[in-house]
Number of protein chains: 2
Amino acid sequence: MTNGRSSGAISGESLLFLTDEQLQQGIEAMFFAYRGFTADPDRILSEMAYGRAHHRAVHFINRSPGTTVNNLLNILGVTKQSLNRVLRTLIADGLVESRVGEIDRRERHLHLTNEGRLLEGRLSDAQRARMRSAFRDVGPDAVAGFRRVLEAMMDKEMQRAYTRLKESGS
Amino acid sequence: MTNGRSSGAISGESLLFLTDEQLQQGIEAMFFAYRGFTADPDRILSEMAYGRAHHRAVHFINRSPGTTVNNLLNILGVTKQSLNRVLRTLIADGLVESRVGEIDRRERHLHLTNEGRLLEGRLSDAQRARMRSAFRDVGPDAVAGFRRVLEAMMDKEMQRAYTRLKESGS
DNA sequence: AGTTTATGTCAGCCTTGTTGACATTCCAAG
DNA sequence: CTTGGAATGTCAACAAGGCTGACATAAACT
């Protein structure tokens with residue numbers, strides 16, 4: 001199970017891309033690529049007192065303005081206490097605005113302020129620049145494959161969250 | 001720069017996959033997929049007193065047996081203090097063996113013990129299973145595209161490290 | 001002999017996860 | 001209407017695993 005051809009590759013040629021060696025390479029590719037993926041925003045964030053968690057919060061609030069804390073919790077997959085600390089500093093610094101829900105006053109609806117949108121833009125621009133350059137290098141067909149593999153690798157629940165975001169955007 | 005067509009997409013149809021919206025979706029796909037990618041090993045690791053950092057160390061020691069600490073440091077991109085803490089526990093627990101170099105006796109060459117290989121196998125099997133299922137779902141062409149995009153997204157230095165590993169493996 | 005390199009260790013800090021305890025608000029069953 | 005449970009959010013304390021800085025050791029190089 002650990003070495004040689006994967007247990008699933010029973011026949012020949014057609015499934016040669018499923019050898020353990022190929023899978024291993026996929027794993028390492030993900031590891032190194034994710035490092036590159038986060039490197040540029042991380043550099044910007046470390047100039048301020050923020051970290052990757054702040055980036056994630058700002059990103060998804062920008063993506064779904066007015067979203068509730070609970071909503072964000074599900075997308076980010078962290079505990080509410082962990083998210084709360086990040087939100088608290090973002091609110092204190094005037095990047096995020098928290099509005100008490102009109103229908104259900106237990107809920108807090110989150111919006112970026114102008115200053116928040118500014119930071120989001122800087123971070124996104126940096127991250128998009130790298131992705132744009134990668135996409136341009138490899139062409140649309142490779143990009144389509146990339147997206148299909150990533151989608152197949154997500155947990156079912158995240159697949160749904162991802163699709164929902166995709167459809168809400170534009 | 002922040003909304004609408006990316007600044008790089010000057011002409012029409014052929015570069016439509018470089019809109020900010022498309023890039024945004026790529027970013028979110030990476031985020032959600034990476035969560036899935038680490039979820040299975042994380043579950044196994046949390047049963048013991050180990051974390052993702054231990055997984056990474058064990059993975060790359062398995063991949064390049066006899067590698068030195070310095071080598072590992074470069075691949076993992078952390079400080080020696082951070083790596084050392086992890087290695088210390090792995091060695092103390094008898095999963096990793098550290099041998100003084102024969103040519104240069106300042107170096108420590110790292111190897112997995114049988115017990116270490118056992119853990120590595122459990123973790124890799126879990127991670128490979130997910131990747132195998134994703135690869136099988138989408139087919140070889142999409143996988144090739146996936147790998148090409150990831151490679152293009154890495155920092156130059158990591159690209160070299162990745163290629164070296166790829167070529168050393170079978 | 002003196003310098004550089006590879007490694008390990010100690011101390012202390014920060015971010016970002018975690019759990020537990022608690023406050024507020026809503027809603028539904030009595 | 002009241003009361004109890006569920007949902008939501010906040011505060012406190014702790015752990016993992018990054019980081020820097022300082023320092024020790026041993027070996028190699030000049």
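Naming convention: chains lettered A, B, ... in sequence-line order (proteins, then strands); numbering from 1 in each chain.
In this entry the distance linking CZ of Arg56(B) with P of dA16(D) reads 15 Å, nearest Å. Counting to the nearest Å, the C1' atom of dA7(D) and the CG atom of Leu73(A) are 12 Å from each other. Going from atom CZ of Arg88(B) over to atom P of dA11(C) covers 11 Å, rounded to whole Å. The distance from atom CG of Leu83(B) to atom P of dG8(C) is 8 Å, rounded to the nearest whole Å. As a whole-Å value, the separation of Asn74(B) CG from dA6(C) C1' is 12 Å. As a whole-Å value, the separation of Arg99(B) CZ from dA6(C) C1' is 19 Å.
Residue-level contact check: Ile103(B) touches the backbone only, with heavy atoms under 4.0 Å from sugar-phosphate atoms and none from bases. Across all strands, His109(B) comes closer than 4.0 Å to no nucleic acid atom at all (heavy-atom distances). Residue-level contact check: Gly77(B) touches the backbone only, with heavy atoms under 4.0 Å from sugar-phosphate atoms and none from bases.
For the OP1/OP2 pair of dG17(C) and a distance below 4.0 Å, the side-chain nitrogens and oxygens of Thr79(A) include no atom meeting the criterion. Taking only side-chain nitrogens and oxygens, His54(B) never comes nearer than 4.0 Å to OP1 or OP2 of dA16(D). An OP1 or OP2 oxygen of dT7(C) is reached within less than 4.0 angstrom by a side-chain nitrogen or oxygen of Asn70(B). In terms of phosphate contacts, Arg106(B) brings no side-chain nitrogen or oxygen within less than 4.0 Å of OP1 or OP2 of dT5(C). Not one side-chain nitrogen or oxygen of Arg52(B) sits closer than 4.0 Å to the OP1 or OP2 atom of dG18(D).
At a threshold of 4.5 Å between non-hydrogen side-chain atoms, the residues Ile75(A) and Phe32(B) count as touching.
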- salt bridge (Lys or Arg N to Asp or Glu O under 4.0 Å) evaluation trace for Arg63(B) with Glu21(A): CA-CA 11 Å; Arg63(B) 186 69 158 158; Glu21(A) 174 61 27; 3.1 Å; yes

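By the 30° and 60° cut-offs, the orientation of the rings of Tyr34(A) relative to Phe37(A) is tilted.
With hydrogens and angles left out, the side-chain atoms of Glu102(B) and His109(B) include no donor and acceptor closer than 3.5 Å.
Picking from dA28(D), dG9(D), dT9(C) the nucleotide with the shortest atom distance to the side chain of Asn84(A) gives dG9(D). Comparing dT7(C), dC26(C), dA27(D) by their nearest atom to the side chain of Arg105(B) picks out dA27(D). In the set dT7(C), dC26(C), dG18(D), the nucleotide with an atom closest to the side chain of Ala53(B) is dG18(D). Distance from the side chain of Ser82(B) is smallest to dG18(D) among dG17(C), dG18(D), dA22(D).
The existence of a salt bridge linking Arg43(B) and Asp40(B) is confirmed by a sub-4.0 Å separation between a basic side-chain nitrogen and an acidic carboxylate oxygen.
Between Arg85(B) and Gln81(B), the residue anchored nearer the 5' end of DNA chain D, judged by the nucleotide with its closest heavy atom, is Arg85(B).
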